[in-house]
Amino acid sequence: MAKITKEQYEFALARIEELLPLVDDNTPANDRNAIELTMMSDVVIDYEKEHFPISKPTVAQLIQLSLVEKNMSQKQLAQEIGVSQSRISDYVSGRAEPTLKIARLLCMTLGITPAAMLGY
């Protein structure tokens with residue numbers, strides 16, 4: 001496939017905005033607007049994968065995000081998994097990486113998948 005230009009990307013974004021009101025869950029897959037919407041979406045996805053790659057979150061970011069999602073403080077997490085609050089602070093700031101045992105407890109307590117914790 002040819003490389004997508006910025007102009008093609010911007011055109012596709014604008015066209016998606018025009019097509020969205022015309023297509024809903026009841027629109028047949030063979031409808032020309034539905035087909036064009038899919039094609040324009042593919043252009044946007046391909047361009048964004050190349051120009052705006054999303055990196056995997058760090059262990060520190062995973063812990064921070066999970067604490068917010070669970071509405072849990074670092075102190076609460078420390079008590080839950082049996083480490084000091086300063087240790088949790090080290091993990092959240094990225095100053096330290098948890099041991100395998102602590103990583104397992106973090107995964108179970110915060111609902112983080114082991115794969116995400118390992119960076120996969």
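This is a predicted model, so every value here is computed, not measured. Note: hydrogens, waters and symmetry copies are ignored here, and every other heavy atom, side chains too, is used.
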Could you state the interatomic distance from [atom1] ([X]) to [atom2] ([Y]), rounded to the nearest 0.5 Å?
| X | Y | atom1 | atom2 | value |
| --- | --- | --- | --- | --- |
| Ser93 | Gln74 | OG | CD | 8.5 Å |
| Lys3 | Tyr47 | NZ | OH | 9.0 Å |
| Met40 | Gln8 | CE | CD | 9.0 Å |

Would you check if Leu37 and Asn33 make a side-chain contact, meaning some heavy-atom pair closer than 4.5 Å?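 The answer is no; the side chains never approach within 4.5 Å.
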Are the side chains of Leu65 and Pro57 in contact, using a 4.5 Å heavy-atom criterion? no
Which heavy atom of [X] sits nearest to which heavy atom of [Y], and what is that distance?
| X | Y | answer |
| --- | --- | --- |
| Leu67 | Ser73 | CD2-O, 3.9 Å |
| Gly94 | Ala60 | N-CB, 3.9 Å |
| Ala34 | Val23 | N-CG2, 3.8 Å |
| Pro98 | Val59 | CD-CG1, 3.9 Å |
| Gln76 | Asn71 | OE1-O, 4.0 Å |

What donor-acceptor contacts under 3.5 angstrom involve side-chain atoms of residues 11-22, with partners at least two apart or in another chain?
{"unit_1": "Arg15", "atom_1": "NE", "unit_2": "Glu36", "atom_2": "OE2", "d": "2.7"}
{"unit_1": "Arg15", "atom_1": "NH1", "unit_2": "Glu18", "atom_2": "OE1", "d": "2.7"}
{"unit_1": "Arg15", "atom_1": "NH2", "unit_2": "Glu36", "atom_2": "OE1", "d": "3.1"}

Within the 3.5 Å criterion, strictly below it, is a donor on Tyr9 or Glu48 matched to an acceptor on the partner's side chain?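 Indeed, the side chains of Tyr9 and Glu48 share at least one donor-acceptor pair under 3.5 Å.
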Distance-only donor-acceptor hits, side chain of residues 102-120, under 3.5 Å, sequence neighbours excluded:
{"unit_1": "Thr109", "atom_1": "OG1", "unit_2": "Leu105", "atom_2": "O", "d": "2.8"}
{"unit_1": "Thr113", "atom_1": "OG1", "unit_2": "Ala116", "atom_2": "N", "d": "3.1"}

Heavy atoms from other residues, nucleotides or ligands near CE of Met72 exceed 12 (cutoff 6.0 Å): yes
Quick one: do Val68 and Ile88 end up in the same hydrophobic cluster if we chain Ile, Leu, Val, Met, Phe, Trp and Tyr together by side-chain heavy atoms under 4.5 Å apart? no
Report whether Phe52 and Ile45 are members of the same hydrophobic cluster (ILVMFWY, side-chain heavy atoms less than 4.5 Å apart, transitive linking). no
Run the side-chain hydrogen bond (donor to acceptor under 3.5 Å, both in side chains) test against Asp90 and tell me which residues pass, sequence neighbours left out.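 Expected list: Arg87, Arg95.
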